[in-house]
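Whatever order the structure lists them in is the order used to number ligands and atoms, beginning at 1.
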Amino acid sequence: MSYLQTACNAAKLAGKMIFSQVSTGIIAEKKSSNFDVVTEIDKRSEKMIRDFILEAYPKHSFLGEEESYGAEQPLSQVLQDARDVPFLWIVDPIDGTANFIHGILGFTVSIALACKGELVLGVIYDPCRDELFYTELGKGSFCNGKRISISEEEQAADCIIATGFVSTPAFREVNIASMDSIGKEFRSIRVLGSAALHMAYVACGRLGAFWQYGLSVWDIAAGVLLVREAGGMVTSTKGKVYSLSDQNIIASNSKVHSTVLNCL
Ligand code: IPD
Ligand code: CA
Ligand code: CA
């Protein structure tokens, strides 16, 4: 089985399990604060994906959101070392846990593969709409078997942009502040509750752009490649080419990128 097929199968397996558990009275556990929560299902999903991938490729490395929480090695170090790691799978087992807990249908599974620090594959599965977004370096982006591409709109006023709420107060503050200027330029702002879903929607043209401060690599790694391979652009909020340790990013159809940059 190819790496892509393995990632797609793992994402679907976990996604269907998560979807079957919506509104079943799952208890949220606090991580760092009331804004930062996790459930048994996040952990179950991560274990399913981990087992699936490592059974196929026992020598590969695995970076999952839940197992990295409280891990001894700081994430910044893991990402710095990623440049020397031949195969690093980067996984968000439920992106959109707050939606999942509140019974709102907007959550995804996100799986990326980085080889020596370079993103080579990305899969985002939305079990709520049964949409499987996937890409490989140099091969374009797809959703349920059809090629996708970014929106053609040139003007911000013709585009919807999305953002998100992070748990860290300082990032939240700067993100909320930036809505003021961005809200004046774009047709509307959406907060769908899953950064991975936002990235997939930029890739397939539903959104013109997405920006957010305070993201983690598992939220966006798959989405970054998906957007690039769909013809879009991903940079830091300072306009630099995305690197795995960037937390503050803009992803767009490239035509409205400078409008977002100028607003921040
Ligand atoms: C969160 C979602 C949300 C984004 C937050 C993320 P989680 O991920 O992607 O849209 O705004 O920054 O932490 O906690 O649901 O995996
Ligand atoms: Ca996430
Ligand atoms: Ca998560």
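Considering the Ca ion (ligand 3) as centre, the angle to O of Ile94 and to OE1 of Glu65 is 160° (10° rounding).
Contact between Ile94 and ligand 1 is present, with at least one heavy atom of the residue lying under 4.0 Å from the ligand. The shell of residues lying under 4.0 angstrom from ligand 1, judged by heavy atoms, includes Gly193.
At a threshold of 4.5 Å between non-hydrogen side-chain atoms, the residues Ile94 and Ile41 count as touching. Ile161 is not listed as a side-chain neighbour of Arg190, based on a closest heavy-atom distance of 4.5 Å or more.
Checked against the 6.0 Å centroid criterion, the rings of Phe87 and Tyr3 qualify as a close aromatic pair.
Just one of Leu225, Asp95, Ile249 meets the side-chain contact (heavy atoms from CB on, under 4.5 Å) condition when paired with Met199; it is Ile249.
A donor-acceptor pair is defined here as one N or O able to donate and one able to accept, closer than 3.5 Å; such a pair exists between the side chain of Asn175 and the backbone of Tyr213.
Taking every heavy atom of Ser194 and a limit of under 4.0 angstrom, the matching atoms of ligand 1 come to 9 (O), 10 (O). Set against the non-hydrogen atoms of Val166, the atoms of ligand 1 under 4.0 Å away are 12 (O).
There is no side-chain donor-acceptor pair under 3.5 Å between Ser194 and Asn99.
Looking at Asp219 and the Ca ion (ligand 2) together, the shortest N, O or S contact belongs to OD1. The Ca ion (ligand 3) lies closest to atom OD1 when only the N/O/S atoms of Asp92 are considered. Within Asp95, the N, O or S atom lying nearest to the Ca ion (ligand 2) carries the name OD1.
Taking only nitrogen or oxygen atoms, main chain and side chain alike, Leu215 does not reach within less than 3.5 Å of ligand 1. The shortest N or O to N or O distance between Ala195 and ligand 1 is under 3.5 Å.
Annotation: cation-pi geometry satisfied between Arg172 and Phe35 (NZ/CZ under 6.0 angstrom from ring centroid, within 45° of ring axis).
Ranked by closest heavy atom to atom 5 (C) of ligand 1, the top entry among Trp218, Phe165, Phe210 is Phe165.
Under 4.0 angstrom from ligand 1, the non-hydrogen atoms of Glu65 all belong to its side chain.
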